[in-house]
Amino acid sequence: AFATLGVPAPRLFEAIARDTEQRICNFEPQGLANTAWAFATLGVSEPRLFDAIARASEQRIGDFTPQGLANTAWAFATLSINAPQLIDAIACASEHRIDDFKPQELANTAWAFATLGISEPRLFD
């Protein structure tokens, strides 16, 4: 809700980040994507949290929806977070499900890869 409204709450997000790091293994793919999106929407970069999100997402990447893949890529790109293994996993998962992507999801994924300076022939050729 804070992210949707654009309300900054740095102490709250710091507390959420610390708690989330401890519980990340219990998150479903949508929760991982939503958490990354919320922090990125407010421009809150929490490196330890995003490392945890990247590791957990890599393990569950096959369970992500196209929207979850796009939102996760968008969040990491928005905060300029370098997570090459995650981005490669997103590329691989996206390639296999590209026909399921809606136009906005394709646009967000393309933007994320371009912003991160990644040329991904599997997706864009």
Side-chain angles (χ1 to χ4, degrees):
F2 282 91
T4 300
L5 294 172
V7 176
R11 287 180 33 181
L12 174 62
F13 272 77
E14 184 178 319
I16 291 170
R18 298 297 78 79
D19 187 63
T20 301
E21 290 168 26
Q22 303 302 311
R23 300 172 190 239
I24 201 81
C25 63
N26 298 321
F27 277 46
E28 295 294 325
Q30 184 174 347
L32 294 166
N34 289 353
T35 301
W37 176 87
F39 276 78
T41 296
L42 289 175
V44 178
S45 181
E46 288 282 342
R48 291 189 336 225
L49 173 62
F50 275 86
D51 285 346
I53 290 172
R55 287 191 310 275
S57 296
E58 290 165 25
Q59 294 172 359
R60 308 277 315 268
I61 204 72
D63 297 328
F64 275 68
T65 64
Q67 182 180 12
L69 294 168
N71 287 352
T72 302
W74 177 88
F76 277 75
T78 295
L79 294 174
S80 301
I81 295 173
N82 185 19
Q85 290 177 302
L86 172 61
I87 298 303
D88 188 59
I90 290 172
C92 185
S94 297
E95 176 186 19
H96 296 300
R97 306 208 37 214
I98 202 74
D99 292 336
D100 298 330
F101 277 65
K102 295 176 184 171
Q104 185 65 53
E105 295 159 354
L106 287 171
N108 289 354
T109 303
W111 178 87
F113 277 76
T115 298
L116 291 169
I118 297 170
S119 172
E120 189 49 66
R122 293 179 287 187
L123 296 178
F124 304 116
D125 278 350

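What you see is a predicted model; the values in this text were computed from it and never measured. Heavy atoms only: backbone and side chains are in, while hydrogens, waters and symmetry mates are out.
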message = With rounding to the nearest 0.5 angstrom, report the OG to CD1 distance, Ser57 to Ile24.
response = 7.0 Å
inquiry  = Under the rule for salt bridge (Lys or Arg N to Asp or Glu O under 4.0 Å), what residues qualify as partners of Asp19, not counting sequence neighbours?
reply    = Arg23
request  = Could you check if a side-chain atom of Phe27 sits within less than 4.5 angstrom of a side-chain atom of Ile53, using non-hydrogen atoms only?
outcome  = no
inquiry  = Per the salt bridge (Lys or Arg N to Asp or Glu O under 4.0 Å) rule, what does the pair list look like for residues 103-112, sequence neighbours excluded?
reply    = none
key: Nearest heavy-atom neighbours spanning Ala93 and Ile61   = CB-CG1, 4.0 Å
note = Residues passing the side-chain contact (heavy atoms from CB on, under 4.5 Å) test with Arg60, sequence neighbours excluded, are Glu28, Pro29, Asp63, Phe64
key: Set of side-chain hydrogen bond (donor to acceptor under 3.5 Å, both in side chains) partners for Arg55, sequence neighbours left out   = none
Please list every donor-acceptor pair under 3.5 Å in which a side-chain atom of residues 66-86 meets a protein atom from a residue at least two apart or in another chain.
residue	atom	partner	partner atom	Å
Thr72	OG1	Gly68	O	2.7
Thr78	OG1	Trp74	O	2.7

ask   = Can you check salt bridge (charged side-chain N to carboxylate O under 4.0 Å, His left out) on Arg11 and Glu14, steps first, answer last?
value = CA-CA 5 Å; Arg11 287 180 33 181; Glu14 184 178 319; over 6 Å; no
